[in-house]
Amino acid sequence: MTLDPSQFAEILEICPAAREVKEGDATLVLLHDLRLPDGCQPATIRALLWPAARDGYSSRLFFSQRITPVAKANQQPLNWNANGVRILEENWHAFSWQTRGGQRLAQMIGQHLQALR
Amino acid sequence: MTTLRMTRELFNELQRDLRRMHPFASERVAFVQVHEGNRGGEHPLVLASASHSVTDDDYINDPLSGARINGTAIRAAMQRILDSGAGILHVHLHEHDDAPSFGRMDRREIPRLVKSFVATDARVPHGMLVLSNDSAHAWVAMPGQALRPVDKVVIVGRPMTIIGTNPAYRSARYDRQSFLGRHSQRAFESTRVGIAGLGGGGSHMAQQLAHLGFKDYVLFDKQRIEDSNLNRLVGGTENDVAGQAFKVDIAHRVICGIRSDAQVLPIRERWQDAAGALRSCDLVFGCVDGFDERRQLERSCRRYLIPLIDIGMDVQCVKGQLPRMAGQVILSTPGEPCMQCIGFLNEKTLTREAQRYGDAGDNPQVVWANGVLASTAIGIAVDLLTGWTGKHVGLEYLSYDGNRNCIGPHVRLEYLPKEQCTHHPLDQVGDPV
């Protein structure tokens with residue numbers, strides 16, 4: 001299965017170096033130099049969108065390293081519950097974050113990044 | 001140390017194709033699509049994914065050559081390189097037993113062809129492969145390198161054949177296991193085994209593999225022994241606990257105490273953090289915690305055409321009932337049904353596991369159940385490498401009932417899907433592009 005071209009075009013607007021990749025029977029999006037919300041450390045990161053159900057989440061956004069979001073008062077720390085998970089022969093990290101189902105791919109990415117704002 | 005791996009199914013398919021009679025050619029030629037693995041690592045891999053026949057019309061009637069193919073067949077092979085982004089091996093068959101080699105004409109003619117494959121795409125491996133009835137030999141030009149013989153050819157399936165140069169250890173030590181076959185010790189000594197997790201299960205395995213005569217080990221575990229491990233960790237001592245020894249170092253000591261010439265690579269890290277070493281293994285034993293880690297390990301093993309033997313156990317304690325001890329041993333062979341195909345790994349169990357993250361507690365573990373499961377896994381490995389039982393199935397799924405002390409085929413095997421595994425397509429072998 002390949003991704004819908006119009007949806008992939010929307011991703012390219014957010015991340016021009018995005019690439020569609022296969023892992024087993026899943027089609028994923030590899031996001032090189034994804035820009036993170038202002039104040040995050042690092043500012044850009046290599047990320048991987050798993051756009052289908054996985055581990056009880058409707059989609060997951062994995063990162064090549066843990067991110068330090070902007071510190072805010074009364075903010076709950078992120079629950080990094082995937083640490084060094086092996087996908088595409090790389091180790092990835094993800095925080096627990098549920099997104100609404102039935103969204104377009106670019107919206108999924110936006111919703112995951114919302115947790116860092 | 002370059003290794004070529006291909007599935008038994010592909011090896012058989014090639015033999016069937018190459019044995020077909022041709023109207024005038026006395027031999028046939030085929031091509032195999034190959035992918036690079038472990039790029040830049042100490043143990044480069046060449047991984048075969050598919051075979052391509054040469055049609056009858058594409059042979060040239062040449063009395064001086066057993067099989068001469070025309071430009072159409074060669075152009076088709078070159079086009080395949082461009083279309084697939086994969087490399088190509090030229091293949092032919094010598095119909096005899098034991099190791100084949102390239103003849104004088106093969107060594108003169110085929111490298112010219114390989115040169116044109118390299119010119120088509122030098123970023124992928126290309127080469128030449130000759131099969132015999134039960135063996136194989138290959139020369140491969142890895143990207144940027146000259147054409148040269150590979151060190152090892154592994155035919156992955158059941159039986160699994162490892163063709164290397166290791167001479168067998170000669171002594172009376174293995175006389176009582178000689179029923180395993182005349183090549184059994186050579187097979188054990190040529191096999192690089194990986195054990196992911198050197199706790200209750202993996203420590204038993206390391207010990208048994210050493211007794212059997214295995215010689216080449218890669219051990220992965222980042223943990224140090226603790227007092228609570230002494231109820232089951234074979235070889236572990238109170239002194240090790242006091243000295244906070246790494247589990248891999250204990251296994252290393254156990255192995256070398258039995259076989260002093262063993263080559264052991266103890267890795268004090270997770271297998272995920274030493275990927276190159278995992279890929280270099282010919283056979284991996286998975287003694288890991290949790291379903292998600294099994295999914296990851298199986299994926300990596302499938303990608304590099306490595307059979308995986310997984311073990312695990314659990315004890316369910318329900319209030320008001322007796323504890324229920326259960327476990328499993330699974331042989332997952334590339335090209336055969338996987339842990340998802342058999343329903344062992346599924347979204348429901350993975351979700352449940354993810355939801356109880358951080359609250360899993362310590363799973364109950366006992367030495368005798370670990371021993372039963374580890375011994376069964378070793379039995380499967382021995383059969384895989386020697387074929388002594390004559391079994392040909394590449395999938396084993398055994399269910400352990402610790403309350404009844406019995407182990408047998410899992411009921412799910414009766415409901416296996418007929419279709420080929422779609423979770424790990426063979427065209428995805430090798431390093432991700």
With a 4.5 angstrom heavy-atom cut-off, is it the side chain or the backbone of [X] that approaches chain A, or both, or neither?
X: B:Arg303; answer: side chain
X: B:Tyr304; answer: side chain
X: B:Asp431; answer: neither

Looking at [X], I want to see if its [atom1] is surrounded by more than 12 non-hydrogen atoms of other residues, nucleotides or ligands under 6.0 Å.
X: A:Asp38; atom1: CG; value: no
X: B:Gln420; atom1: CD; value: no
X: B:Arg412; atom1: CZ; value: yes
X: B:Arg39; atom1: CZ; value: yes
X: B:Gln296; atom1: CD; value: yes
X: A:Lys22; atom1: NZ; value: yes

Legend entry - Test applied, side chain to side chain contact (heavy atoms under 4.5 Å, CB included); reference residue, A:Asp55; option that passes from B:Arg352, B:Gln355, B:Arg295: B:Arg295
Inset, instruction - Test B:Asp292 against A:Arg54 for side chain to side chain contact (heavy atoms under 4.5 Å, CB included), laying out the working first. - result: CA-CA 10 Å; B:Asp292 187 44; A:Arg54 185 185 165 109; 3.6 Å; yes
Legend entry - Atom pair OG (B:Ser300) and CD1 (A:Ile87), whose distance is rounded to the nearest 0.5 Å: 10.5 Å
Inset, instruction - Ignoring hydrogens and angles, tell me if any N or O in the side chain of B:Gln272 forms a donor-acceptor pair with the backbone of A:Arg86 under 3.5 Å. - result: no
Legend entry - Contact origin within A:Arg19 toward chain B - heavy atom pairs under 4.5 Å: side chain
Inset, instruction - Can you tell which part of A:Glu90 gets under 4.5 Å to a heavy atom of chain B, answering side chain, backbone, both or neither? - result: neither
Inset, instruction - May I ask you to decide whether B:Arg279 forms a salt bridge with A:Glu89, counting only side-chain N to carboxylate O separations under 4.0 Å? - result: yes
Legend entry - Closest non-hydrogen atom pair, A:Asn83 against B:Arg270: O-NH1, 3.6 Å
Legend entry - Between A:Gly24, A:Gly84, A:Gly56, the one whose heavy-atom pairs under 4.5 Å with chain B are most numerous: A:Gly24
